[in-house]
Number of protein chains: 2
Amino acid sequence: MSISTASKALNDTGRMGAETRERVKRIAGEIGYRPNALARGLLSKRSFTIGLLTNDTYGRFTLPVMAGISDALVDHGVSVFLCAIEDDPALAQIHVDAMLDKQVDGIIATGKRLDRRLPVDLSNLHVPVVYAFTEGTQNSVTFRSDDEQGARLAVEWLAGIGRRRIAHITGPEDFFSVRERAGAYHQVAGHREPVLYGVWSESWGHEVVEQLWKRPGEKPDALFCGNDQIARGAADALRERGVKVPQDVSVVGFDNWEIVAAQTRPPLTTVDMELKELGRQAGLTVLALAEGRPVEPGVRKLPCRLIVRQSCGGKSPTE
Amino acid sequence: MSISTASKALNDTGRMGAETRERVKRIAGEIGYRPNALARGLLSKRSFTIGLLTNDTYGRFTLPVMAGISDALVDHGVSVFLCAIEDDPALAQIHVDAMLDKQVDGIIATGKRLDRRLPVDLSNLHVPVVYAFTEGTQNSVTFRSDDEQGARLAVEWLAGIGRRRIAHITGPEDFFSVRERAGAYHQVAGHREPVLYGVWSESWGHEVVEQLWKRPGEKPDALFCGNDQIARGAADALRERGVKVPQDVSVVGFDNWEIVAAQTRPPLTTVDMELKELGRQAGLTVLALAEGRPVEPGVRKLPCRLIVRQSCGGKSPTE
DNA sequence: CACGGTTGGTAAAAGCTTTTCTCAGGCCAC
DNA sequence: GTGGCCTGAGAAAAGCTTTTACCAACCGTG
């Protein structure tokens, strides 16, 4: 039996007797034959391998994205190189070169911030590049969460359950997503309350609640927080002051970081950025590009989803 | 210029004029030539690629391990496939097969529990397998944290700062590491206090403190907790009861999960399992095996390290 | 019966490196 | 002057798969 006959039998290609084909397949199965993907890739120019480049050391954003990518591509036989580059341009270049040497079919760049670039230029590679949750280049395909829509979701929910004095406690103003969420907040809630910019920590949430409740006058009846950590800090501060959550004040977070959101007392209603779905779409897109299928460049905003837990109370306006 | 001459020039092999060699290298640099790792791997039987298999979806343990592996292997030109298999045997098999097809030089198996196997048999592969933070097979190389030593570290520290009534609040007893830590706790602290087995959550830590302080009699002056989440719940409960941490009660956690330990009030002194170092050693070991260097099979316990923050107080006994 | 078409299978090339072998030429020594 | 040795470079094989081209045999038909 010649090698080429076996190859054609296994790939259902060429002309040959059905009986021969079956026999080859059976024997291949018996001896546990598996084609060498390296040799196959050498010929087909496809390695069925992609690279995921990230500067998000902690993995808060990368892991769900990775899970989505893997989920979408495992059916296509694609494996994923994960490269954590920690904002080190030299390290990034080493990893990119290593991946290119290994003939990856494409690269997905991801990060921890929508408005920052990875410290390496991926714009003139001869393999397709897709950006996910990080700033892309001109004419690239970029996937990101729709923070405006997510913020609107949260604030409209609060308004829907009857909250009227909604404060917005959030992170540093130089974050693009912070400005976008604040914009949506203003659109829905008006400009009665200022946006409270700070840092992404529990202590900031705690501190700002202290300030708000110490000063005289009417208090907010809802807090829309820029992430779950701030929300947790705020919820803790409220509880310590004897303010009841959610009876007196509703609290909404952002990120749906389970370890924070689900452990808060009470568990946080929060906005989920659907990063896994984002990863899935990024994966399918880089695959499409690798296969030469045309993909429209541009920024795709994926909708967020509100995860309702117990920190808001009220009746759902929709149910 | 023949291809073989160029190859020899670039690899500093074969005999040739120094001038020719230099010229080839210069031109290769100019045109940005990079050898195709697939073709190279086809010949050398080395793909400079390894696989990391994990069932730790959340990445709490996998990410540091991954960082260590990558850190150790990037200098050797090795890239890492990350495969999250979520305890799904079929998915695991798909990933393993895909990696084997791609001729990985080795596989590192990691998980979220020392005493559980991954849902896939890796014992008869023709590539080396190293286990890190998961149960290995007979005659394999396994890296794990030394939980006994870590627990001793914590309890001795508490004893060293003068604590005498040290309670141990921990997770489910069926965890091997729980029993090991409890054993070390008993060794050092004696059997005055029972070990309080429960679950790995903040609420369990909270609840157990409520119980302890509600019942009459002498209270513990230190809590050694099985993980940082339990410690955080306990610290919160103490604060709510007006018990001062660390003045009245010292609290120690386990894991050094920054997002929990550093955000606790006060920030937690905790035991770090040095997972990055564990990953580094696992990476170097799988590389050694791939290169045919002999490695003694067996279980290697890596020491833990105590991270001192503000939840203990007292004077360091060593400084 | 001979020829065209079909069928089932083999041989060979291509993909990119590395390694081993071979070869041509130059130089030295006898 | 010629044989042997050394040097620098090229040819070829190997690694594994896929694809194209090719070939032999067979069948049916004019």
Side-chain angles (χ1 to χ4, degrees), chain A residues 1-49 51 76-79 97-106 125-127 290-292, chain B residues 1-49 51 76-79 97-106 125-127 290-292:
Chain A
M1 163 78 41
S2 81
I3 293 179
S4 42
T5 306
S7 171
K8 283 188 297 189
L10 295 176
N11 293 304
D12 282 329
T13 174
R15 288 176 323 201
M16 64 195 320
E19 184 266 345
T20 310
R21 200 181 288 277
E22 277 317 306
R23 191 161 47 91
V24 171
K25 284 187 178 177
R26 181 172 49 76
I27 294 178
E30 279 170 14
I31 64 172
Y33 168 78
R34 313 221 85 222
N36 182 326
L38 261 50
R40 187 180 248 166
L42 195 57
L43 197 56
S44 68
K45 304 287 188 183
R46 287 285 313 280
S47 64
F48 290 91
T49 286
H76 298 84
V78 176
S79 305
D97 287 345
M99 292 195 297
L100 292 178
D101 289 353
K102 281 158 191 150
Q103 312 293 117
V104 288
D105 295 334
L125 268 38
H126 59 278
V127 297
E291 291 173 349
Chain B
M1 165 76 40
S2 80
I3 292 178
S4 43
T5 306
S7 170
K8 284 186 293 190
L10 295 176
N11 293 305
D12 282 329
T13 174
R15 290 176 321 201
M16 64 195 319
E19 184 266 346
T20 310
R21 202 182 288 277
E22 276 317 307
R23 191 162 46 91
V24 170
K25 284 187 178 178
R26 183 173 48 75
I27 294 179
E30 280 171 13
I31 65 173
Y33 168 79
R34 313 221 87 221
N36 181 327
L38 261 49
R40 186 179 249 167
L42 195 56
L43 197 56
S44 68
K45 303 287 186 185
R46 286 285 313 278
S47 63
F48 290 91
T49 287
H76 298 84
V78 175
S79 305
D97 288 344
M99 292 195 297
L100 292 177
D101 289 353
K102 280 156 193 153
Q103 312 294 117
V104 288
D105 295 334
L125 267 38
H126 58 279
V127 297
E291 290 173 349

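Below, chains carry the letters A, B, ... as their sequence lines are ordered, and counting in each starts from 1. Worth knowing before you read on, the calculation uses all heavy atoms, side chains too, and leaves out hydrogens, waters and symmetry mates.
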Return the value, rounded to whole Å, for the distance between atom [atom1] of [X] and atom [atom2] of [N].
X	N	atom1	atom2	value
A/Asn36	D/dA14	CG	P	17 Å
A/Arg46	C/dA14	CZ	P	23 Å
B/Leu43	C/dT17	CG	P	12 Å
A/Phe48	D/dC16	CZ	P	20 Å
A/Leu38	C/dT18	CG	P	14 Å

Shortest non-hydrogen contact from [X] toward [Y]:
X	Y	result
B/Lys8	B/Met16	C-SD, 4.1 Å
A/Ser47	A/Asp105	N-OD1, 2.8 Å
B/Lys25	B/Asp12	NZ-OD1, 3.0 Å

- Is the closest side-chain heavy-atom distance between B/Arg46 and B/Glu291 below 4.5 Å?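 Yes, at least one pair of side-chain atoms sits under 4.5 Å.
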Just to confirm, is there a sub-4.0 Å distance from OP1 or OP2 of [N] to any side-chain nitrogen or oxygen of [X]?
X	N	value
A/Tyr33	D/dT17	yes
B/Asn11	C/dT18	yes
A/Lys45	C/dC16	yes

Provide a list of protein-nucleic acid N or O atom pairs under 3.5 angstrom, restricted to nucleotides 9-11 of chain D.
residue: D/dA9; atom: OP1; partner: B/Thr20; partner atom: OG1; Å: 2.7
residue: D/dA9; atom: OP2; partner: B/Gly17; partner atom: N; Å: 3.3
residue: D/dA9; atom: OP2; partner: B/Thr20; partner atom: OG1; Å: 3.3
residue: D/dG10; atom: OP2; partner: B/Ser2; partner atom: N; Å: 3.1
residue: D/dG10; atom: OP2; partner: B/Ser2; partner atom: OG; Å: 3.3
residue: D/dG10; atom: OP2; partner: B/Thr5; partner atom: OG1; Å: 2.5
residue: D/dG10; atom: O6; partner: B/Lys8; partner atom: NZ; Å: 3.0
residue: D/dA11; atom: N7; partner: B/Ser4; partner atom: OG; Å: 3.2
residue: D/dA11; atom: N6; partner: B/Ser4; partner atom: OG; Å: 3.2

- Message: For A/Leu42 and A/Leu10, find the nucleotide of DNA chain D closest to each by heavy atoms; which residue's nucleotide sits nearer the 5' end?
- Response: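 The residue closer to the strand's 5' end, by nearest nucleotide, is A/Leu42.
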- From the options A/Asn11, A/Leu10, A/Thr5, select the one residue that forms a side-chain contact (heavy atoms from CB on, under 4.5 Å) with A/Ser7.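 Single side-chain contact (heavy atoms from CB on, under 4.5 Å) partner of A/Ser7 among A/Asn11, A/Leu10, A/Thr5: A/Asn11.
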- salt_bridge(B/Glu22, B/Arg26) N-O dist < 4.0 Å: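 Salt bridge between B/Glu22 and B/Arg26, a charged N being under 4.0 Å from a carboxylate O: no.
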